[in-house]
Amino acid sequence: LSQAVLREIAMTGVAPKLYGTPGLGQLLVTGGPATEYHVTLDPARLAAYGLGAADVSKALRDASDVRAVGITQRYYQTYAVVVDASLHDAASLGAVRVPLKNGGAVRLASLGAVTLGVSPVTDQTSIGGRRAVIVNAYALPGADTVKMAAAFRAGLRGIERAQIGR
């Protein structure tokens with residue numbers, strides 16, 4: 001698997017299952033590029049609609065809505081409660097309506113292409129000389145790290161069983 005795929009698995013499949021472990025202060029995934037969507041605009045289509053890249057950028061910014069709606073506390077930590085109505089796939093990005101100067105709007109997909117890509121690599125990790133993606137766990141002060149490690153092992157076994165269908 002590529003490092004981008006491994007990072008995505010670590011971010012969406014492994015880390016969320018480890019959150020809530022008693023004594024855990026923070027999880028940090030390092031290594032590999034993050035997946036992201038690339039928007040490639042067609043200058044001729046933009047000109048035909050009288051639009052510029054800044055108009056598309058503003059429409060995308062306005063369409064992504066992430067808001068903090070409150071807080072909660074657990075294990076001596078305070079968490080922000082967030083509602084995420086951001087754009088999550090190529091179809092939702094392509095459906096964003098870009099306002100026209102004379103009224104109306106045009107779909108982003110009509111102005112160019114939306115493709116899945118990876119971000120520039122800003123950090124690398126390795127284990128035994130091979131590139132890797134690592135999930136780092138940081139304990140709260142005074143936490144029982146032996147119990148945390150046992151909880152992580154149990155959580156990882158559960159993830160493994162779910163992946164191989166046991």
Side-chain angles (χ1 to χ4, degrees), residues 1-21 24-49 51-72 74 77-100 105-140 148 152 155-156 158-160 162-164:
L1 296 175
S2 74
Q3 277 192 289
V5 171
L6 288 174
R7 182 180 183 89
E8 189 72 16
I9 291 169
M11 296 288 290
T12 62
V14 175
K17 295 203 176 15
L18 300 178
Y19 290 136
T21 300
L24 177 64
Q26 179 183 10
L27 284 175
L28 179 65
V29 177
T30 57
T35 55
E36 64 183 20
Y37 288 93
H38 297 174
V39 177
T40 306
L41 298 171
D42 181 333
R45 290 186 200 165
L46 285 173
Y49 286 103
L51 296 170
D55 299 312
V56 174
S57 180
K58 181 178 182 331
L60 287 169
R61 199 170 40 254
D62 291 346
S64 269
D65 190 19
V66 179
R67 297 174 191 233
V69 295
I71 60 170
T72 185
R74 183 174 179 187
Q77 291 183 317
T78 301
Y79 298 91
V81 178
V82 176
V83 174
D84 183 355
S86 60
L87 306 165
H88 294 289
D89 56 27
S92 64
L93 281 160
V96 168
R97 313 269 310 157
V98 180
L100 298 172
V106 63
R107 287 172 26 96
L108 175 60
S110 299
L111 300 172
V114 179
T115 56
L116 182 62
V118 295
S119 67
V121 178
T122 58
D123 66 350
Q124 284 289 0
T125 57
S126 63
I127 297 175
R130 296 181 62 192
R131 296 213 191 265
V133 173
I134 299 172
V135 179
N136 299 285
Y138 298 92
L140 291 171
M148 278 181 58
F152 286 155
L156 292 171
I159 294 168
E160 183 181 30
Q163 293 299 315
I164 59 176

Trainee: Taking all atoms of both residues into account, what is the closest heavy-atom pair of Ala10 and Val135, and its distance?
Mentor: CB-CG2, 3.9 Å
Trainee: Just verifying a value: how many Å separate Ser92 OG and Leu108 CG, rounded to the nearest 0.5 Å?
Mentor: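 Result: 10.0 Å between the selected atoms.
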Trainee: Is the number of heavy atoms from other residues, nucleotides or ligands within 6.0 Å of CZ (Arg131) greater than 12?
Mentor: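 Open: at most 12 neighbouring heavy atoms sit under 6.0 Å from CZ of Arg131.
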Trainee: With side-chain contact (heavy atoms from CB on, under 4.5 Å) as the test, pick out the partner of Leu111 among Asp42, Thr40, Leu51.
Mentor: Leu51
Trainee: Please check this pair: side chain of Thr125 against backbone of Ala132, looking for a donor-acceptor N/O pair closer than 3.5 Å.
Mentor: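 Yes; judged by distance alone, with no hydrogens or angles, the pair exists.
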Trainee: Applying the side-chain contact (heavy atoms from CB on, under 4.5 Å) test to Val133, which of Arg7, Gln124, Met11 qualifies?
Mentor: Arg7
Trainee: Can you tell me how far NE2 of His38 sits from OG of Ser119, rounded to the nearest 0.5 angstrom?
Mentor: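 These two atoms lie 7.5 Å from each other.
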Trainee: Working to the nearest 0.5 angstrom, can you tell me the gap between Tyr138 OH and Leu28 CG?
Mentor: 5.0 Å
Trainee: Which side chain to side chain donor-acceptor pair (under 3.5 Å) pairs, counting each pair once, include a residue from residues 52-61, with sequence neighbours left out?
Mentor: Asp55-Lys101, Ser57-Arg61, Lys58-Asp62
Trainee: Which heavy atom in Met148 sits nearest to a heavy atom in Ala139, and how many Å separate them?
Mentor: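 Closest heavy-atom pair between Met148 and Ala139: SD-CB, 3.6 Å.
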Trainee: Which distance, rounded to the nearest 0.5 Å, do you find between the NZ of Lys17 and the OG1 of Thr12?
Mentor: 8.5 Å
Trainee: Which heavy atom of Arg74 sits nearest a heavy atom of Gly20, and at what distance?
Mentor: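 What the structure gives for the nearest pair is NH2-O, 3.9 Å.
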Trainee: Which heavy atom in Tyr19 sits nearest to a heavy atom in Leu24, and how many Å separate them?
Mentor: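 Smallest heavy-atom distance, with atoms named: CA-CD2, 4.1 Å.
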Trainee: In Å, rounded to the nearest 0.5 Å, how long is the span from OG1 of Thr30 to CG of Asp123?
Mentor: 6.0 Å
Trainee: Does the side chain of Thr115 come within less than 4.5 Å of Tyr37's, by heavy atoms?
Mentor: no
Trainee: To check you understand the geometry: which heavy-atom pair defines the closest contact between Ala4 and Val118, and what is its length?
Mentor: CB-CG1, 3.5 Å
Trainee: For Glu36 versus Pro120, what's the shortest heavy-atom pair and its separation?
Mentor: OE2-CD, 4.3 Å
Trainee: For Val98, run the side-chain contact (heavy atoms from CB on, under 4.5 Å) check against Leu60, Leu46, Val106 and tell me which one passes.
Mentor: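 Of Leu60, Leu46, Val106, side-chain contact (heavy atoms from CB on, under 4.5 Å) with Val98 is met by Val106 alone.
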